[in-house]
2 protein chains.
Amino acid sequence: MASNQSVSQSAGTVSPLLARFDAPFIFRSGKSIPGFELMYEAYGTLNADKSNAVLVCHALNASHHVAGIDANGDEGWWDNMVGPGKPLDTNRFYVIGVNNLGGCFGSTGPKHANPQTGKPYGADFPVVTVEDWVNAQALLADQLGIDCFAAVMGGSLGAMQALQWAIAYPKRVRHALVIASTPKLSAQNIAFNEVARQAIITDPEFHGGHYYEHGVVPANGLRVARMVGHITYLSDDVMGERFGRELRDGLQYGYGAEFQIESYLRHQGEKFSGYFDANTYLLITKALDYFDPAAAHDGNLAKALAPARGVGFLVVSFTTDWRFSPAKSREIVDALTANRTNVSYAEIDAPHGHDEFLLTDPRYHALARTYYERVWNSIGSRT
Amino acid sequence: MASNQSVSQSAGTVSPLLARFDAPFIFRSGKSIPGFELMYEAYGTLNADKSNAVLVCHALNASHHVAGIDANGDEGWWDNMVGPGKPLDTNRFYVIGVNNLGGCFGSTGPKHANPQTGKPYGADFPVVTVEDWVNAQALLADQLGIDCFAAVMGGSLGAMQALQWAIAYPKRVRHALVIASTPKLSAQNIAFNEVARQAIITDPEFHGGHYYEHGVVPANGLRVARMVGHITYLSDDVMGERFGRELRDGLQYGYGAEFQIESYLRHQGEKFSGYFDANTYLLITKALDYFDPAAAHDGNLAKALAPARGVGFLVVSFTTDWRFSPAKSREIVDALTANRTNVSYAEIDAPHGHDEFLLTDPRYHALARTYYERVWNSIGSRT
């Protein structure tokens with residue numbers, strides 16, 4: 001009967017869906033676009049009272065393709081978490097993944113034509129915030145007739161969206177799963193984002209964000225941006241264990257990729273610059289920088305989270321995550337506890353740093369599975 | 001009598017000196033240059049038996065201008081440490097600062113003409129290592145008639161040179177002061193250097209390292225390189241305290257420098273790219289990456305340091321230094337202890353991260369002062 005006894009399977013072959021919204025969308029900045037589209041995928045079956053829907057929010061470089069295999073043969077970015085018999089079990093839940101507004105995987109973003117000019121938005125696409133993303137996701141939920149998600153889940157920037165759902169739409173989300181997150185970026189976090197942005201913006205191929213019209217992309221800037229980001233996703237230890245000071249082919253006394261770590265980082269940068277849009281990267285780093293729900297409450301996070309009192313929380317952090325350290329997750333937990341909000345917290349002793357949220361640490365996955373058992377039971381009791 | 005009772009003063013107005021070496025210099029890589037020059041400064045008075053000389057080695061962006069005020073009115077980079085009555089007291093010691101080979105402050109480097117072509121070396125300047133720098137410094141000592149330094153001192157990359165002096169020339173150095181250092185870079189350290197290099201090398205103005213001939217400099221790449229480096233010099237905490245999430249002028253929803261930390265980093269990058277040479281930056285990051293004296297001894301650092309048994313060591317680390325953490329300094333201390341080498345070690349609880357070695361933490365400066373008292377006494381007993 002319990003899904004955790006069943007065998008895990010892939011969500012199988014999946015196809016994206018496109019939702020169209022014709023009303024103007026007003027961003028937090030005050031700017032607006034006349035309408036937009038969101039690309040999404042869904043796995044499992046929505047039940048009769050539409051109470052079993054779970055929204056999975058993506059982080060910096062991911063997309064709506066959360067699970068299963070798409071038309072390109074690519075596996076979803078959280079396929080180890082989402083699928084039949086997996087911790088987020090699509091035999092029970094109807095799971096939705098959405099490419100966020102401003103993204104580069106099908107949802108309306110800088111690559112798309114600005115209806116006012118007929119040319120790509122480029123740098124004119126409004127700066128987007130976590131709040132904007134969540135508001136757009138809520139419009140998608142409206143269109144799908146989903147009044148209340150059983151859960152909203154995410155890691156890193158995705159977890160910020162889960163938090164924001166609980167703050168902005170507490171009646172529309174029963175549970176928030178907040179993995180490897182922070183209530184706000186530190187100065188150091190912003191600093192790394194700024195390095196990435198400067199690498200992109202000062203690339204001569206950036207052309208002030210209107211590179212599409214020049215038939216080029218700021219690939220060098222995007223490569224460097226990804227390289228610096230990637231360093232912050234891995235723990236110092238795991239980088240040491242995996243690459244150490246290993247050389248590819250002895251000392252060359254030159255500027256080729258001599259150390260394995262150099263080769264690995266260059267490969268990551270190269271791969272990323274081949275599929276990701278630089279303007280979207282800029283937008284997403286800004287959304288990260290801006291997220292700070294406590295700012296409107298004189299820095300009081302408990303006040304910011306007060307509306308979320310009725311939401312159940314799972315907060316998870318990883319000991320070796322130096323990007324968003326466990327101390328940041330504990331700030332969230334402390335604020336929730338101060339509000340007497342129902343929260344479970346786990347600090348998982350795991351080696352891989354921030355990236356751990358995408359990996360299959362057995363304690364982490366067992367925890368998610370157990371928590372979704374609770375989510376499932378909370379639906380059963382729903383009137 | 002003791003210098004620590006006297007009032008600290010500046011070394012005053014100082015002028016650089018140029019030493020010329022006409023014999024070919026062979027680098028560790030096997031490449032050579034037909035001759036070279038070293039720019040240096042000296043403070044204090046060399047005593048009759050030339051036993052009171054101290055060599056101060058610079059790190060990434062510094063120069064021979066260690067103390068006093070130069071012709072541009074600029075204060076030396078370690079003026080708080082070196083001068084009359086200061087911890088390294090120029091009333092007692094004859095202190096020498098050298099711009100390293102391959103540098104961009106007067107010593108022969110990529111900006112200088114390759115005698116074989118008449119054009120600047122540019123990217124053809126041989127890749128330089130810590131070993132090469134120390135060998136060149138030893139030639140300067142020869143020219144100055146200094147058989148044995150009372151001490152060689154440095155922080156960060158400068159400390160690597162002090163270590164290398166003790167390994168390569170143990171009879172020519174009585175004491176090595178090794179501050180905020182590491183016996184080798186970690187994969188993460190190399191990764192940050194590689195990001196910096198890629199930012200420079202992929203700047204279209206780099207022209208394969210021969211930008212001088214094009215009348216341009218890869219300023220954008222150098223700016224990004226400095227920004228990423230700078231993040232690693234400061235502790236997360238001090239960056240948070242100094243800048244936090246403070247905005248310059250409210251949220252702008254754009255890509256200007258909105259947060260104070262962005263403004264600070266851009267300023268650092270801008271300043272650096274105005275005075276530093278990109279080819280030298282590449283060389284120095286490579287020298288950092290390559291330094292690994294234990295590599296020739298199957299990773300056994302004690303074996304590598306065995307020749308230095310007769311040298312006295314002061315090793316200092318700072319608790320918040322995440323670039324070269326105290327654990328790295330302890331590796332050095334453990335290896336020295338295993339060799340029964342005379343070593344004093346202090347781990348200073350200080351907030352500023354790696355940059356602390358340049359600051360005036362009173363415990364750190366008191367320690368240096370006390371250690372130089374010991375150095376002074378060791379000279380007194382010299383026959």
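In what follows, chains carry the letters A, B, and so on, assigned in the order in which the sequence lines appear, proteins first and then strands, with residues in each chain numbered from 1. Remember, it's a predicted structure, so these values are computed and weren't measured experimentally.
- Ranked by non-hydrogen atom pairs under 4.5 Å with chain A, the options B:I231, B:D203, B:L265 are led by B:I231.
- A distance-only check finds a donor-acceptor pair linking the side chain of B:Y290 to the backbone of A:Y253 [under 3.5 Å].
- Within 6.0 Å of atom CZ in A:R248, 12 or fewer heavy atoms from other residues, nucleotides or ligands are found, so the atom counts as exposed in its surroundings.
- Note on A:E246, A:R266, A:M239, A:R223: by heavy-atom pairs under 4.5 Å with chain B, the leading option is A:R266.
- Top candidate by heavy-atom pairs under 4.5 Å with chain B, chosen from A:F192, A:Y255, A:F243, is A:Y255.
- When each of A:A257, A:P204, A:G254 is scored by its heavy-atom pairs under 4.5 Å with chain B, the top score falls to A:G254.
- Ranked by heavy-atom pairs under 4.5 Å with chain B, the first of A:D236, A:L283, A:I201 is A:D236.
- What you find for B:N220 and A:T202 is that their closest heavy atoms are ND2-O, 3.2 Å.
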Run A:R28 and B:L251 through side-chain contact (heavy atoms from CB on, under 4.5 Å) and show every step you take. CA-CA 11 Å; A:R28 192 178 120 181; B:L251 287 178; 3.0 Å; yes
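- For A:K31, no part sits under 4.5 Å from any heavy atom of chain B, backbone or side chain.
- Here A:N193 contributes atom CG and B:I261 contributes atom CD1; the two are 11.5 Å apart, rounded to the nearest 0.5 Å.
- Listed options B:G244, B:S235, B:G269 were ranked by heavy-atom pairs under 4.5 angstrom with chain A; first place goes to B:G244.
- To the nearest 0.5 Å, atoms CD (A:Q252) and OG (B:S29) are separated by 11.5 Å.
- There is no contact between B:N189 and chain A, counting heavy-atom distances below 4.5 Å.
- Shortest non-hydrogen contact noted between B:V195 and A:V224 is CG1-CG1, 3.9 Å.
- Of the residues considered (A:R245, A:Q198, A:E241), A:R245 shows the highest number of contacts with chain B, using heavy-atom pairs under 4.5 Å.
- In this structure, the separation between CD on B:E258 and CG on A:D289 is 8.5 Å, given to the nearest 0.5 Å.
- Contacts between B:L185 and chain A at a heavy-atom distance below 4.5 Å involve backbone atoms as well as side-chain atoms.
- Proximity to chain A is limited to the side chain of B:T129, based on heavy atoms less than 4.5 angstrom apart.
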